Amino acid sequence: MKVSPGHLAREAEARPGGPGGASMVPGLATALARELVRRADEERGLMRRARERPAGPARDALAACRAGNAEALGAIVRRHGWPAADRVGAPASTAALMILLHAPDLGLQLGCRDLIAQAAADGRCPALHHAYIADHCAVELGLPQYYGTRVDPLTLRPYPVRRPGTVDERRRDVGLGPLDEQLRLLRDGT
């Protein structure tokens with residue numbers, strides 16, 4: 001299901017407890033955490049197989065997995081808000097971010113970007129999560145990114161960065177090292 005950019009944020013604000021949603025029953029949080037990690041692990045396995053065999057069934061299975069993961073994540077977010085680290089734990093919140101970054105639905109990504117921004121501002125998830133999704137959305141929209149986390153795989157250079165002279169300051173604010181260091185490690189394959 002395609003989601004409009006503001007749809008998830010409006011639904012989250014309408015939920016009891018505001019954008020973070022109502023407090024979650026511990027058993028539900030545990031079940032959601034397990035499901036998110038399971039889905040992210042499954043996708044990682046399919047990504048490895050698709051890299052080994054770039055054409056054919058492996059690619060199709062990966063695309064189907066990503067679409068299913070996006071649908072499941074969208075349902076979780078609509079019902080419970082963004083699965084921030086304070087609600088489902090850091091590994092599951094990171095798994096949710098990975099699912100979101102690979103989702104084939106920009107509307108879902110944009111809506112969740114705003115929820116993640118609020119969660120990061122409230123200290124409920126790492127600011128780094130917002131950096132990754134903000135850059136992802138900017139690049140997908142053809143806009144300069146803020147933190148330089150998205151790199152063109154063909155050139156190993158970052159996609160355009162807004163105010164490149166201050167990018168390392170913004171990166172430091174969210175826990176990232178200097179951009180040149182990230183690019184050097186990427187080129188060295190480490």
Side-chain angles (χ1 to χ4, degrees), residues 1-5 7-8 24 28-85 87-116 119-120 125-126 128-142 145 147-159 174-176 182-183 185-190:
M1 173 179 136
K2 297 288 182 185
V3 179
S4 70
H7 178 76
L8 290 174
M24 195 178 291
L28 176 59
T30 300
L32 288 176
R34 272 195 223 115
E35 181 65 8
L36 289 165
V37 170
R38 182 194 69 74
R39 286 178 173 277
D41 287 346
E42 178 185 10
E43 183 180 333
R44 258 190 301 278
L46 289 170
M47 282 173 42
R48 278 191 296 277
R49 280 182 263 174
R51 271 195 295 269
E52 293 165 4
R53 291 181 289 275
R59 277 280 173 214
D60 296 342
L62 179 59
C65 177
R66 287 179 171 170
N69 284 352
E71 188 175 317
L73 180 62
I76 289 168
V77 171
R78 282 189 300 280
R79 287 186 192 109
H80 308 290
W82 179 253
R87 301 174 87 193
V88 297
S93 186
T94 299
L97 177 66
M98 293 298 102
I99 290 168
L100 181 64
L101 289 170
H102 297 143
D105 183 350
L106 183 58
L108 174 67
Q109 293 167 337
L110 290 167
C112 288
R113 176 196 61 190
D114 298 341
L115 297 174
I116 294 168
C125 77
L128 183 61
H129 287 195
H130 181 253
Y132 280 114
I133 192 60
D135 277 0
H136 178 85
C137 290
V139 169
E140 292 301 309
L141 292 169
Q145 56 182 325
Y147 303 96
T149 62
R150 291 282 310 269
V151 175
D152 183 326
L154 299 176
T155 65
L156 297 182
R157 300 292 311 154
Y159 289 102
V174 298
L176 289 167
Q182 174 190 336
L183 296 173
L185 292 172
L186 185 62
R187 278 188 227 102
D188 293 346
T190 54

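Keep in mind that what you see is a predicted model, and the values were worked out from it rather than measured.
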Might you point out which heavy atoms bring [X] and [Y] nearest each other, and give the distance in Å?
{"X": "Leu36", "Y": "Ile99", "value": "O-CD1, 3.8 Å"}
{"X": "Ala131", "Y": "Val174", "value": "CB-CG2, 3.9 Å"}
{"X": "His130", "Y": "Tyr147", "value": "ND1-OH, 4.4 Å"}
{"X": "Ser93", "Y": "Ala85", "value": "OG-N, 3.4 Å"}
{"X": "Cys112", "Y": "Val77", "value": "SG-CG2, 4.0 Å"}
{"X": "Ala70", "Y": "Leu108", "value": "O-CD2, 3.5 Å"}

Only residue of Arg49, Glu43, Arg44 satisfying side chain to side chain contact (heavy atoms under 4.5 Å, CB included) with Leu46 is Arg49
Enter the distance from [X]:[atom1] to [Y]:[atom2] here, rounded to the nearest 0.5 Å.
{"X": "Ile116", "Y": "Gln109", "atom1": "CD1", "atom2": "CD", "answer": "9.5 Å"}
{"X": "Leu73", "Y": "Met98", "atom1": "CG", "atom2": "CE", "answer": "12.0 Å"}
{"X": "Ile76", "Y": "Leu28", "atom1": "CD1", "atom2": "CG", "answer": "9.0 Å"}
{"X": "Leu100", "Y": "Leu110", "atom1": "CG", "atom2": "CG", "answer": "9.5 Å"}
{"X": "Gln182", "Y": "Leu186", "atom1": "CD", "atom2": "CG", "answer": "7.0 Å"}
{"X": "Asp135", "Y": "Arg113", "atom1": "CG", "atom2": "CZ", "answer": "11.0 Å"}

Any side-chain heavy atom of [X] sitting closer than 4.5 Å to one from [Y]?
{"X": "Met47", "Y": "Leu62", "value": "yes"}
{"X": "Leu32", "Y": "Pro83", "value": "no"}
{"X": "Pro126", "Y": "His129", "value": "yes"}
{"X": "Gln145", "Y": "Val139", "value": "yes"}
{"X": "Leu176", "Y": "Tyr132", "value": "yes"}

Would you please say whether a donor-acceptor pair under 3.5 Å links the side chains of Arg150 and His136?
yes
CZ of Arg34: more than 12 outside heavy atoms within 6.0 angstrom?
no
Whether Glu42 and Arg38 form a salt bridge (side-chain N of Lys/Arg under 4.0 Å from carboxylate O of Asp/Glu) is what I want to check.
yes
Verdict with supporting geometry, Tyr159 and Thr149, side-chain contact (heavy atoms from CB on, under 4.5 Å)
CA-CA 9 Å; Tyr159 289 102; Thr149 62; over 6 Å; no
